[in-house]
Number of protein chains: 2
Amino acid sequence: MEKSSDVLTKEQIIAATEETIRRYGMAKTSVTDVAKALDVSHGSIYRHFKSKTELFEAATEQWLEEKIVAPLADVCRDSSLHGVGHVQAYIQTLVRLKRHYAREDEALFAMYAKVSDESAELISKHIGRIVGHLMDIMLRGGLKSDHPERSARAVFYATARFHHPAHAYEWKSAAIDAEFSDVWALIEQGLKTND
Amino acid sequence: MEKSSDVLTKEQIIAATEETIRRYGMAKTSVTDVAKALDVSHGSIYRHFKSKTELFEAATEQWLEEKIVAPLADVCRDSSLHGVGHVQAYIQTLVRLKRHYAREDEALFAMYAKVSDESAELISKHIGRIVGHLMDIMLRGGLKSDHPERSARAVFYATARFHHPAHAYEWKSAAIDAEFSDVWALIEQGLKTND
DNA sequence: CAAATGACAAATTTTATTTTTTGTCAGTTG
DNA sequence: CAACTGACAAAAAATAAAATTTGTCATTTG
């Protein structure tokens with residue numbers, strides 16, 4: 001990852017950060033390593049990001065946006081889906097995406113897990129976006145509720161075991177899909193009955 | 001904690017382990033420290049427990065039994081409760097007990113969290129006991145299901161955010177009780193409608 | 001002879017030391 | 001003069017050396 005143009009951009013730095021984390025792993029990646037990958041001095045990176053923490057948060061935000069939120073927005077928009085089935089498809093997608101990246105992009109998933117753990121603000125913003133999608137789906141799908149946001153949040157929290165990174169090691173279990181189905185069956189009724 | 005009689009017992013060793021963990025914290029407690037507390041050689045402890053791991057697992061098992069499972073068994077037996085309300089009281093108790101000890105007995109809660117993390121077998125056995133209680137309550141309460149164990153497990157997993165130690169930091173939020181209520185409202189319907 | 005001790009090697013942890021990294025900034029460069 | 005460099009101090013991490021802990025077992029004790 002050499003910088004191609006002569007103006008260093010945030011985007012280039014984030015791309016180099018991802019690459020370096022994939023190569024060395026989360027724990028072993030320093031700002032110096034990222035600078036080396038870009039063939040610039042590490043001081044240049046501090047012109048774009050106030051701190052290492054901010055850099056990793058920006059990388060995580062972008063990763064979440066691209067890998068998780070964008071595909072979810074597609075499901076949210078999908079007009080072939082409706083009502084409870086739409087909510088289910090959305091949560092199912094969320095669960096599958098998390099599981100997919102936990103397995104197939106371990107290093108960046110570890111970055112996401114670590115940043116989540118340390119930045120309550122970032123994760124709360126991210127959850128806010130998902131809750132927004134769920135509210136949208138539920139309202140459009142005629143799933144009325146006295147407290148749409150609270151209902152949306154409840155769906156998110158009731159399925160936490162299947163998408164929260166702290167539970168990632170449980171996703172290896174052969175029973176995980178059946179367990180999700182069973183939890184979903186429980187929730188489904190509550191979604192139909194307006195609270 | 002001096003050993004009172006002249007025969008060293010597992011019970012004494014476990015009591016001394018708890019005491020030492022409360023005094024020094026989980027990370028700083030060694031088998032040697034426990035032996036010192038009992039005024040015996042550390043070799044004597046190895047006569048009763050194969051390893052440090054086994055000692056800490058035994059201490060955790062006892063802690064879970066006494067602090068969590070025993071009070072839950074009381075709720076399970078409570079004949080003044082019935083049906084969905086009984087299940088709710090049970091899970092509510094589980095949630096409150098976990099929260100209580102996370103706050104009021106930090107050191108031993110940390111022991112439980114660490115051992116949980118490292119001993120899949122112990123935690124799976126413990127979950128088995130809770131699922132057993134829930135099945136008992138659900139069957140006695142006329143909450144019929146094609147798969148009683150799977151239904152019971154689903155209730156447990158859907159509320160994981162409120163009792164799994166990995167989520168302990170979230171329990172400090174002022175919104176946690178409202179969030180539990182909302183999740184419970186979602187689940188309640190599914191419990192009434194037999195799956 | 002059952003229970004505990006204490007000496008021991010191997011593994012782990014702690015502490016001390018050295019090296020690297022982080023973050024700043026005055027100075028350089030195109 | 002905006003973008004970057006490179007030198008620097010402070011903080012953090014890696015390494016090396018020392019001390020403690022773990023686990024075993026032959027020996028001692030009651």
Side-chain angles (χ1 to χ4, degrees), chain A residues 1-60 107 110-111 113-115 117-119 122, chain B residues 1-60 107 110-111 113-115 117-119 122:
Chain A
M1 160 68 46
E2 308 252 327
K3 66 173 200 280
S4 33
S5 79
D6 48 13
V7 194
L8 187 62
T9 65
K10 277 191 157 75
E11 288 66 36
Q12 285 179 317
I13 296 169
I14 290 174
T17 302
E18 291 198 351
E19 199 176 86
T20 307
I21 289 173
R22 283 207 185 88
R23 194 187 307 279
Y24 300 136
M26 185 59 191
K28 291 288 173 192
T29 295
S30 69
V31 175
T32 303
D33 291 331
V34 176
K36 266 182 222 150
L38 286 161
D39 202 32
V40 298
S41 77
H42 76 276
S44 302
I45 288 175
Y46 283 94
R47 170 165 298 280
H48 295 272
F49 298 96
K50 273 210 299 288
S51 65
K52 185 185 184 182
T53 298
E54 207 180 72
L55 168 59
F56 279 77
E57 283 178 2
T60 301
M111 168 187 80
K114 184 160 188 283
V115 171
D117 222 49
E118 290 164 1
S119 171
L122 184 145
Chain B
M1 161 68 46
E2 307 251 326
K3 67 174 199 279
S4 32
S5 80
D6 48 13
V7 194
L8 187 62
T9 65
K10 276 190 156 73
E11 288 66 35
Q12 285 179 316
I13 297 169
I14 290 175
T17 303
E18 290 199 351
E19 198 175 90
T20 308
I21 290 174
R22 284 208 185 88
R23 194 187 308 278
Y24 300 135
M26 186 58 192
K28 290 289 175 193
T29 295
S30 69
V31 175
T32 303
D33 291 331
V34 175
K36 265 183 224 149
L38 287 161
D39 202 32
V40 298
S41 75
H42 76 276
S44 303
I45 289 174
Y46 283 94
R47 170 165 297 284
H48 294 273
F49 298 97
K50 275 211 298 288
S51 65
K52 185 184 184 182
T53 299
E54 206 179 72
L55 168 60
F56 279 75
E57 282 177 4
T60 301
M111 169 187 80
K114 184 161 189 281
V115 171
D117 220 49
E118 289 164 3
S119 171
L122 184 145

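Keep in mind that what you see is a predicted model, and the values were worked out from it rather than measured. A note on names: the letters A, B, ... follow the listed sequences, proteins ahead of strands, and every chain is numbered from 1.
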Between P of D:dC4 and CZ of A:Phe49, the distance in whole Å: 13 Å
Those residues that, when tested against B:Glu11, pass salt bridge (charged side-chain N to carboxylate O under 4.0 Å, His left out) (two or more places apart): none
Below 3.5 Å is the cut-off: list the nitrogen or oxygen pairs between protein and nucleotides 12-19 of chain D, distance only.
| unit_1 | atom_1 | unit_2 | atom_2 | d |
| --- | --- | --- | --- | --- |
| D:dA14 | OP1 | A:Lys28 | NZ | 2.9 |

Presence of A:Thr32 side-chain N/O under 4.0 Å of C:dT22 phosphate oxygens OP1/OP2: yes
Nearest-angstrom distance from the residue atom NE2 of A:His48 to C1' of D:dA2: 11 Å
Protein N or O to nucleotides 23-26 of chain D N or O, pairs below 3.5 Å:
| unit_1 | atom_1 | unit_2 | atom_2 | d |
| --- | --- | --- | --- | --- |
| D:dG23 | OP2 | B:Tyr46 | OH | 2.9 |
| D:dG23 | OP2 | B:Lys52 | N | 2.7 |
| D:dG23 | N7 | B:His42 | NE2 | 3.1 |
| D:dG23 | O6 | B:His42 | NE2 | 2.9 |

Distance, rounded to the nearest Å, where B:Leu38 contributes CG and C:dA3 contributes C1': 15 Å
Short side-chain to backbone donor-acceptor contact, B:Asp117 and B:Lys114, under 3.5 Å: no
B:Ile45 CD1 - C:dG6 P separation (whole Å): 14 Å
Phosphate contact (D:dA3 OP1 or OP2) by A:Ser44 side-chain N/O below 4.0 Å: no
Residue pair A:Lys50 / A:Tyr46: nearest heavy atoms and the distance that separates them: O-CD2, 3.8 Å
A:Ser119 side-chain N/O to A:Val115 backbone N/O, donor-acceptor pair under 3.5 Å: no
Length of the line joining A:Leu8:CG and C:dG30:P, which is rounded to integer Å: 17 Å
Rounded interatomic separation in angstrom, taking CG from B:Asp33 and P from C:dT14: 11 Å
Smallest separation among heavy atoms of B:Phe49 and B:Ala58, with atom names: CE2-CB, 3.6 Å
Atom-pair distance (NZ on A:Lys36; C1' on D:dT5), nearest Å: 16 Å
Closest contact, heavy atoms only, A:Thr20 versus A:Ala16: OG1-O, 2.7 Å
Minimal non-hydrogen separation, B:Ile21 against B:Ala107, with atom names: O-CB, 3.6 Å
Donor-acceptor contact present, side-chain A:Lys10 to main-chain A:His48, <3.5 Å: yes
Separation between OH of B:Tyr24 and CD of B:Glu19, rounded to the nearest 0.5 Å: 10.0 Å
